[in-house]
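Since the structure comes first, as structure tokens, the remarks are kept for the end.
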2 protein chains.
Amino acid sequence: MKEPVLDRRIVKTKKALRDALTSLMKEKTFDEITVSDLTVRADINRGTFYLHYRDKYDLLQQSEEEILAGVQKIRSKKKKMLKKEDLPVFDFMNKPLPLVAELFEYLQEHAEFMTVILGPRGNPAFHVKLKEVMSSTMAQSILARLGEDQEELIVPIDYLSSYAISAQLGVIQHWLNTGMKESPMEVSLILSRLIFSNPVTLYKHPKT
Amino acid sequence: MKEPVLDRRIVKTKKALRDALTSLMKEKTFDEITVSDLTVRADINRGTFYLHYRDKYDLLQQSEEEILAGVQKIRSKKKKMLKKEDLPVFDFMNKPLPLVAELFEYLQEHAEFMTVILGPRGNPAFHVKLKEVMSSTMAQSILARLGEDQEELIVPIDYLSSYAISAQLGVIQHWLNTGMKESPMEVSLILSRLIFSNPVTLYKHPKT
DNA sequence: ACTATTAATAAACAGTTTGTTCATTATTTA
DNA sequence: TAAATAATGAACAAACTGTTTATTAATAGT
């Protein structure tokens, strides 16, 4: 699926440009960033940029797709996914959901890019794409199974999905924006508790 | 606080430019939109644009702030807010939260702009600002009160906040993106149920 | 209805940025 | 070491920006 080019110069140039993009997005909005900005920061000739990317959007897209492919890869580890019959016995309050910890580890590895792309200067289209990838995986798949007999649900299943996925992304964003103080394991557990609780059951000793 | 200018020409020009912005954002990313695009679409001389806005970012910001002010206004209707003592008796499953229905009505009035600004071509900085406004209101204030004695919470309160607010925004986005099929009242009820439930209690007849 | 005021227009300006091309130099692979 | 390929620097027209100018048009207040 991929391996055609491996010339050191190409690899070096592309990496320099991607790093420059991440670096510049900490300072400016994407649309304020010019190709000149990128090549100056990357210490690359401007013409060279066009040898590898059509324009700055192409650079952004390729960077995004690389990350999304990584998330997809985690997602597709089906062995670790919960099955319907596990649901009643799985201890959501004390064990993080199987694939979620891996996801946070991956995010941590790519923290710089993830933080800017999901931040205030980021790309909302990336949010959408990430949600799409996440919606076919993780706790989402559990929620979907929960809603298999949709007639029984008191809210439309699509609203339940949107709600749950956005919530998960919210936790991811908060974790990134606060400097990833918790370990991937810890934040996974927090997420698991949030998903499978409601405001009342979030207490150690429920009052009602 | 405001009323200085009211010349018909100014009002007409500004409205034309704002409408043009909304219209163009259905087709292009904000950064792909040029001042020329805007003035052509608005049928306005390009020079006139600079009589009212410093640049296209200024136009975007002013449009955003107008909307945010509207949300703020709803938020500040304290009379309608739930108090702590209402919590145990309020029927979350069958009554929408007080201010939320009003919020959805307001969103519906500004549906065109809200849909593009919160959509894939929108502005993530606006997401952040909207979250900030929402976090000081709505169900969020309830969640905050729930967490007053934070020692009892099994998740950090800031994660609970991020989770809940993002979730609410997710519902708003889904509602807008699916053409607002539900009435403001209906979608408010859906949101209320989602907030105060968990995957299990979302069933009419809980199985566990 | 008149007039002084203010907004909108059209046209022109230099300065950036863009995307492309070219001949030349440097690096890499095998 | 040689052949292949990537990077460079320079130059180009085209598009967009932000500003200015003189001129025309619309408006508010009387």
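Order of the sequence lines sets the chain letters (A, B, ...), proteins ahead of strands, with each chain counted from 1. All heavy atoms count here, side chains included; hydrogens, waters and symmetry mates do not.
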Legend entry - Sugar-phosphate only, base, or nothing, as touched by A/R8 at under 4.0 Å among non-hydrogen atoms: sugar-phosphate
Does [X] put a side-chain nitrogen or oxygen below 4.0 Å from OP1 or OP2 of [N]?
{"X": "B/T13", "N": "C/dA7", "value": "no"}
{"X": "B/Y50", "N": "D/dT19", "value": "no"}
{"X": "B/H52", "N": "C/dA8", "value": "yes"}

Legend entry - Side-chain donor-acceptor pair present, A/D31, B/Y57, cut-off under 3.5 Å: yes
Inset, instruction - Output, in order, the C-alpha distance, side-chain angles, deciding distance and verdict of salt bridge (Lys or Arg N to Asp or Glu O under 4.0 Å) for A/E27 and A/R41. - result: CA-CA 12 Å; A/E27 301 163 18; A/R41 181 70 55 103; 3.1 Å; yes
Legend entry - Proximity to DNA chain C (any heavy atom under 4.0 Å), residues of residues 28-46 of chain B only: B/I44, B/N45, B/R46
Legend entry - Sequence neighbours excluded - salt bridge (Lys or Arg N to Asp or Glu O under 4.0 Å) pairs with any residue from residues 48-65 of chain B: B/E64-B/K129
Legend entry - Distance-only donor-acceptor test, B/R9 side-chain atoms vs C/dA8 base atoms, 3.5 Å: no
Inset, instruction - Answer yes or no: is there a donor N or O on one side and an acceptor on the other, between the side chain of B/S135 and the main chain of B/E132, under 3.5 Å? - result: yes
Inset, instruction - Mark yes or no for whether A/T29, through its side chain, and A/E32, through its backbone, hold a donor-acceptor pair below 3.5 Å. - result: no
Could you check how far [atom1] of [X] sits from [atom2] of [N], rounded to whole Å?
{"X": "B/F49", "N": "D/dT20", "atom1": "CZ", "atom2": "C1'", "value": "17 Å"}
{"X": "B/K12", "N": "D/dT27", "atom1": "NZ", "atom2": "P", "value": "8 Å"}
{"X": "B/K14", "N": "C/dT6", "atom1": "NZ", "atom2": "P", "value": "17 Å"}
{"X": "B/K15", "N": "C/dA7", "atom1": "NZ", "atom2": "P", "value": "20 Å"}
{"X": "A/D7", "N": "D/dA7", "atom1": "CG", "atom2": "P", "value": "7 Å"}
{"X": "A/I10", "N": "D/dT5", "atom1": "CD1", "atom2": "C1'", "value": "8 Å"}
{"X": "A/L51", "N": "C/dT21", "atom1": "CG", "atom2": "C1'", "value": "12 Å"}
{"X": "B/L6", "N": "D/dA28", "atom1": "CG", "atom2": "C1'", "value": "9 Å"}

Inset, instruction - Would you check if the distance from the ring center of A/Y163 to the ring center of A/Y159 is below 6.0 Å? - result: no
Inset, instruction - Return yes when atom CG of A/N94 has more than 12 non-hydrogen atoms of other residues, nucleotides or ligands closer than 6.0 Å, and no otherwise. - result: yes
